[in-house]
Asks: 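Got a structure here, written out as structure tokens. Questions coming.
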Amino acid sequence: MRVSSSGSSQPAVVLIIDPEPLNQRAMRDQLMRLGYSARSADDYESAAAILEATPPDVVLLTGVTGTGEGWADLQTQIDNWGLPVLKLAESGAQALPTISDAELRMRLDAALQSRKLHETLVMENARLAAERLYDPITGLFNRRYMMIRVEEEVKRSSRHSYPLSCLLLDIDRFDAVNEAWGHMVGDEVLRNMAHVVIRGLRATDIIARYRDDQFIALLTDTDAEGAQVAANRLRDAVAAHDFVNPTSSDPIKVTASIGVAYWVPTARPGEGTWEPQLIGLAERALRAAKQSGPNRLVMLQAA
């Protein structure tokens, strides 16, 4: 009989920790008879090395108990992997405790079930975390993620005296697209725009959907001249692109207005910009671009 781990077709792996070779052998034989795969270690240090290389599904303490030497490191590994621990011996016991096949199977099955539940919760938490950081329409990062990254990039630029620019793009007259073709077509235009922005900028630039029909990008290690070149290249790419219209053979044509805030860190520590100022200045530049007409670029320098 094969006892699977977390839905796998492979037998669950049980790591036995016991200083006595005879105890290890007896427990390995019992586990293998029940359909489990078994490994063994003489002490906590050896067990930690096994966990680091090939983590088991359950840790079984048959002779070593308590918090002896090496336990702290092992406990950290166990917690990192979310492994259940079963203790079959009292503290200081030398003889292997007698446990029936039925009881051992019951306790191991319960432990495996708890691990499966733990893995399910970890996966669900990861999924929810991803949803909180990604835009569901475009697949880009969202505003929440950008607010985290802009703080990191401002600190990095300040630490190394690298220039940093923030680009904010707004689709001109996007409301007209939704009114003429509906929001499903509007969403398709947004997805197309995400691809245009990605192709128009560098792989090192950090791109996100900011809000509604706006896209934001942090242009790392980029001064005013570099930001201007990138923004104009992006405006031209948007104007030249044929945006797919699923309801018509004719493509949709749009333009974009762009606001850019650029910043060169001061040589004096503790002085310079901060993340709300950089994005806020890009928003101000974008408003000025929109007011001056469609397909415009305005740039402002952060203090």
Side-chain angles (χ1 to χ4, degrees), residues 1-134 136 139 141 144-145 148:
M1 176 181 178
R2 293 166 71 85
V3 184
S4 64
S5 160
S6 302
S8 169
S9 60
Q10 298 298 317
V13 179
V14 181
L15 174 61
I16 306 161
I17 305 178
D18 194 304
E20 297 295 329
L22 291 178
N23 290 350
Q24 293 180 23
R25 183 179 302 173
M27 183 54 66
R28 277 202 308 269
D29 290 345
Q30 186 176 7
L31 289 169
M32 292 176 68
R33 185 172 68 249
L34 293 174
Y36 298 94
S37 178
R39 301 191 67 185
S40 58
D42 296 334
D43 50 42
Y44 294 143
E45 291 89 343
S46 302
I50 292 174
L51 259 69
E52 185 174 2
T54 53
D57 297 299
V58 182
V59 174
L60 188 62
L61 301 179
T62 59
V64 178
T65 58
T67 55
E69 185 178 355
W71 172 254
D73 290 340
L74 178 62
Q75 184 68 62
T76 299
Q77 292 261 33
I78 289 171
D79 292 342
N80 287 342
W81 287 103
L83 300 178
V85 178
L86 292 182
K87 293 183 179 182
L88 300 187
E90 297 298 328
S91 179
Q94 296 298 316
L96 179 67
T98 301
I99 182 170
S100 67
D101 288 355
E103 183 182 354
L104 181 59
R105 185 193 301 282
M106 179 184 68
R107 295 183 65 176
L108 286 172
D109 285 351
L112 288 168
Q113 188 63 31
S114 72
R115 190 188 182 201
K116 185 176 181 180
L117 177 60
H118 177 269
E119 290 176 343
T120 301
L121 291 173
V122 168
M123 292 176 64
E124 180 64 12
N125 288 337
R127 183 186 67 81
L128 292 174
E131 287 183 354
R132 287 194 292 268
L133 296 177
Y134 284 90
F141 290 115
R144 181 195 297 268
Y145 176 83
I148 296 171

Asks: Heavy-atom distance under 4.5 Å between the side chains of Ile148 and Leu133, does that happen here?
Replies: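 Ile148 vs Leu133: side chains touch.
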Asks: I'd like to check Asp42 versus Gln24 (side-chain heavy atoms, cut-off strictly below 4.5 Å). Are they in contact?
Replies: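 Side-chain contact under 4.5 Å: yes.
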Asks: Name the residue from Leu15, Val14, Ile16, Ile17 that meets the side chain to side chain contact (heavy atoms under 4.5 Å, CB included) definition with Arg39.
Replies: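 Looking at Leu15, Val14, Ile16, Ile17, the match for Arg39 under the side chain to side chain contact (heavy atoms under 4.5 Å, CB included) is Leu15.
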Asks: My understanding is that only residues two or more places apart in sequence, or in another chain, count here; which of them pass ring-ring contact (aromatic ring centres under 6.0 Å, His included) with Tyr145?
Replies: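 In terms of ring-ring contact (aromatic ring centres under 6.0 Å, His included), with neighbours along the sequence ignored, Tyr145 is linked to Phe141.
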Asks: Which distance, rounded to the nearest 0.5 Å, do you find between the CG of Leu74 and the CG of Asp79?
Replies: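 Output value for this atom pair is 9.5 Å.
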Asks: According to salt bridge (Lys or Arg N to Asp or Glu O under 4.0 Å), who are the partners of Asp29, at least two apart in sequence or on a separate chain?
Replies: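 With neighbours one apart ignored, the set is empty.
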Asks: Do Tyr36 and Gln30 make a side-chain contact, defined as non-hydrogen atoms from C-beta onward lying under 4.5 Å apart?
Replies: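 Side-chain contact under 4.5 Å: no.
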Asks: Please report the interatomic distance CG(Leu51) to CG(Asp73), rounded to the nearest 0.5 Å.
Replies: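 Between Leu51 CG and Asp73 CG, I get 11.5 Å after rounding to 0.5 Å.
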Asks: How far does NZ of Lys116 sit from CG of Asp109, to the nearest 0.5 angstrom?
Replies: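 It is 11.5 Å, given to the nearest 0.5 Å.
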Asks: Taking only residues two or more places apart in sequence or in another chain, which ones pass side chain to side chain donor-acceptor pair (under 3.5 Å) with Asn80?
Replies: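 Not a single residue meets the side chain to side chain donor-acceptor pair (under 3.5 Å) criterion with Asn80.
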Asks: Within this structure, what is the CG-CG distance for the pair Leu104 and Leu31, rounded to the nearest 0.5 Å?
Replies: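 That separation rounds to 5.5 Å.
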Asks: Spell out, as yes or no, whether a donor-acceptor pair under 3.5 Å connects the side chain of Arg144 to the backbone of Arg132.
Replies: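 The answer is yes, because a donor-acceptor pair under 3.5 Å joins these two groups.
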Asks: Mind listing the closest non-hydrogen atom pair of Ala48 and Gln77 along with its distance?
Replies: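 It is O-NE2, 3.3 Å.
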